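Below: one structure, written as structure tokens.
Throughout, a chain's letter reflects where its sequence line sits, starting with A, and its residues are numbered from 1. Just so it is clear, the structure is predicted and the values come from calculations on it, not from any experiment.
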Amino acid sequence: MTMTRQIALVDCNNFYVSCERLFRPDLKTTPIVVLSNNDGCVVSRSNEAKALGIRMGQPWFECKQQAEEQGILALSSNYALYADLSNRVMSVLAEYAPLTEVYSIDECFVDMTGTHKLRDVSYEMRQRVMQWTGIPVCVGLGPTKTLAKLANHIAKKHPRSRGVFNYNDLTDAQQAKLLGQIAVDEVWGVGRKLSKRLAALGINTVQDLRTAHTPTLRAEFGVVMEKTQRELQGVCCIELEDCTPDKQQMVNSRSFGKPVTELAVLQDALSVFAANACQKLRAQNSHAALVHVFMLTNRFRQDQPQYNPCMFVPLPMPTNDSLVINRWVQHVAELLWRDGYKYKKAGVVLHDITPVSVLQADWLEPDVTSSTRLMNAIDGLNTRFGRGTIKVSTSGRSDEWAMKQERKSPNYTTDWHAVPAA
DNA sequence: TCTCCGATTAGAC
DNA sequence: CTAACGGTCTAATCGGAGA
């Protein structure tokens, strides 16, 4: 007989806000929100901010006034800080199991199957993350990833759980009762649209979904929903991924801090996007064969003329060379550009990505090595001294397009000067 | 008719 | 001072084009 799986989903509480508070303990009870890139939307809220009615994903300009009136502190996002702290959390978790899957910047699945005294170990894991990183987490345990996520939701919501909830500890009757009290859109993979369609079939709670007529579900919603149902029934359909698969596309795009009306400025931005996309490509040892360039006007400004062109360039030879790809990007930018529009956003996407190894045998391509060496040097410097130390093109108009970040905290973990005095 | 492809949709965070 | 809404990524599905 096989042992019941014990899958843990460890999720950091209000992650970005918790990161900011680590270095500002004086803000422990201050309502805080962290804003997305360009100070656009609220992407993380402290419990106090939630209690004051700030919604997840809410555009900042909508709640700015309310925030000021209620003394809510808003911070621009500081991704270098969050990535650093995320790595620390993940390494602590990795010590608890041979198999972990980092699912997102603030979430990790841990296969605890076979762990003795699971409850005690889970509390200890939570305690250790807190002690070693200062980040509070909740632990959800269940026989499948989907149920572990649900268990985590319960751990977060019910203070009595003290941060750990194990679905496997419930009797059948308790499971049915509990799932009957949770709305179906809390299920991993069921979002706004699907929950509406499910409601039309009378499926409103997680328990409804778990016990729904499978053939109907399959016919109406497809294979994914059927898997979700099986997972809710405790049958593992979604395994932990031990190694992260290579990216199939690399996107680098930004909204601009103010509208761009000059080709040279847009080209400057695109050269940075191209360089960043290529660096990610090289980091996973891949080549791309298709380059996609786009530029967008502000879709929220229906009073202004809209123009959202894009172009795909198939490369004669796959490459990860920033210089080669940037040449194409710059050329395409000229072709797409039209005067008279206010551009709000642009980006570079690399497609048709393959591992370098399968193509390295092309002896006809001259001088691959010198370009590879140059790229290695660029990546090395940028990793060591910070992104943008070496740039592909330094036309230097970035002040004209850089995103708005009026409220960013210092780089506490990467800059000694930023650490506040004790 | 089958297959491949691009576009669209839905979701996660 | 005013303005004016994120960024990546994946999988499934659908409809049309081409074999």
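For the side chain to side chain donor-acceptor pair (under 3.5 Å) test, residues two or more places apart in sequence or in another chain that qualify with A:Tyr103 are A:Trp188. The side chain to side chain donor-acceptor pair (under 3.5 Å) check on A:Ser76 picks up A:Asp39, with sequence neighbours excluded. Residues passing the side chain to side chain donor-acceptor pair (under 3.5 Å) test with A:His351 are A:His292, sequence neighbours excluded.
Residue contacts shown for A:Met403 are absent, as no nucleic acid heavy atom lies under 4.0 Å away. A:Arg301 comes within 4.0 angstrom of a base, heavy atoms only. Among the protein residues, A:Ile105 comes within range of no part of the nucleic acid, since none of its heavy atoms lies under 4.0 Å from any strand.
A donor atom on one side chain and an acceptor atom on the other are found under 3.5 Å apart for A:Gln284 and A:Ser286. A donor and an acceptor atom, one from each side chain of A:Glu69 and A:Gln65, are located under 3.5 Å apart. Between the side chains of A:Arg128 and A:Gln131, not a single donor N or O lies within less than 3.5 Å of an accepting N or O.
Among C:dT8, B:dG11, C:dC5, the nucleotide with an atom closest to any side-chain atom of A:Lys193 is B:dG11. The side chain of A:Tyr103 lies closest to B:dA12, out of B:dA12, C:dT8, C:dC5. Nearest nucleotide to the side chain of A:Val43, out of C:dG6, C:dC5, C:dT8: C:dG6. Minimum atom distance to the side chain of A:Ser255 is reached by C:dG6, of the listed B:dA10, C:dG6, C:dC5.
Atom-to-atom, CG of A:Asn37 to C1' of C:dA4 comes out at 17 Å; the value is rounded to the nearest Å. Rounded to a whole Å, the NZ atom of A:Lys196 is 16 Å from the C1' atom of B:dT9. When the C1' atom of C:dG7 is taken as reference, atom OH of A:Tyr82 falls 15 Å away, rounded to whole Å. Distance A:Lys64 NZ to C:dA4 P: 11 Å, rounded to the nearest Å. In this structure, A:Phe300 atom CZ and C:dG6 atom C1' are separated by 10 Å, rounded to whole Å. When rounded to the nearest whole Å, the span between CG of A:Asp106 and P of C:dG7 equals 19 Å. Rounded to whole Å, the distance from CG on A:Leu194 to C1' on B:dA10 is 6 Å. Atom C1' of nucleotide B:dA7 and atom CZ of A:Phe294 are separated by 16 Å, given to the nearest angstrom.
Smallest separation of non-hydrogen atoms from A:Asn166 and A:Gly142: OD1-N, 4.4 Å.
The closest donor-acceptor contact from the side chain of A:Glu226 to the backbone of A:Thr214 lies at 3.5 Å or more, if one exists at all. With hydrogens and angles disregarded, a donor-acceptor distance shorter than 3.5 Å links the side chain of A:Asn38 to the backbone of A:Phe256. A donor-acceptor pair under 3.5 Å links the side-chain atoms of A:Arg45 to the main chain of A:Ile54, judged by distance alone. Checking side-chain atoms of A:Thr113 against main-chain N and O of A:Arg5 turns up no donor-acceptor pair under 3.5 Å.
A sub-4.0 Å separation between OP1 or OP2 of C:dT8 and a side-chain N or O of A:Arg254 is present. Look at A:Ser253 and you'll find a side-chain N or O under 4.0 angstrom from OP1 or OP2 of C:dT8.
Looking at residues 344-351 of chain A, you'll see A:Lys344, A:Lys345 sit with a heavy atom under 4.0 Å from some atom of DNA chain C. Listed by residue number, there are no residues of residues 214-249 of chain A with a heavy-atom contact under 4.0 Å to DNA chain B.
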Query raised in the report: Could you write out DNA chain C as a dot-bracket string, with dots for unpaired bases, | for bases paired across to another strand, and Watson-Crick or G-U pairs counted at under 3.5 Å?
Result: ......|||||||||||||
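Aromatic stacking is not marked for A:Trp60 over C:dC5, as the cut-offs of 5.5 Å for the centres and 30° for the planes do not both hold.
Two residues, A:Ser36 and A:Glu406, neighbour DNA chain C, and the one matched to the more 5' nucleotide by heavy-atom proximity is A:Glu406. Comparing A:Val251 and A:Asn298 along DNA chain C, the residue whose closest nucleotide (by nearest heavy atom) sits nearer the 5' end is A:Asn298.
Side-chain contact check for A:Val272 versus A:Asn276: some heavy-atom pair is nearer than 4.5 Å.
Across the C1' atoms, C:dG6 and B:dG11 are found 16 Å apart, a figure rounded to whole Å.
By the 4.0 Å N-to-carboxylate-O rule, A:Asp321 lies too far from A:Arg282 to be salt-bridged with it.
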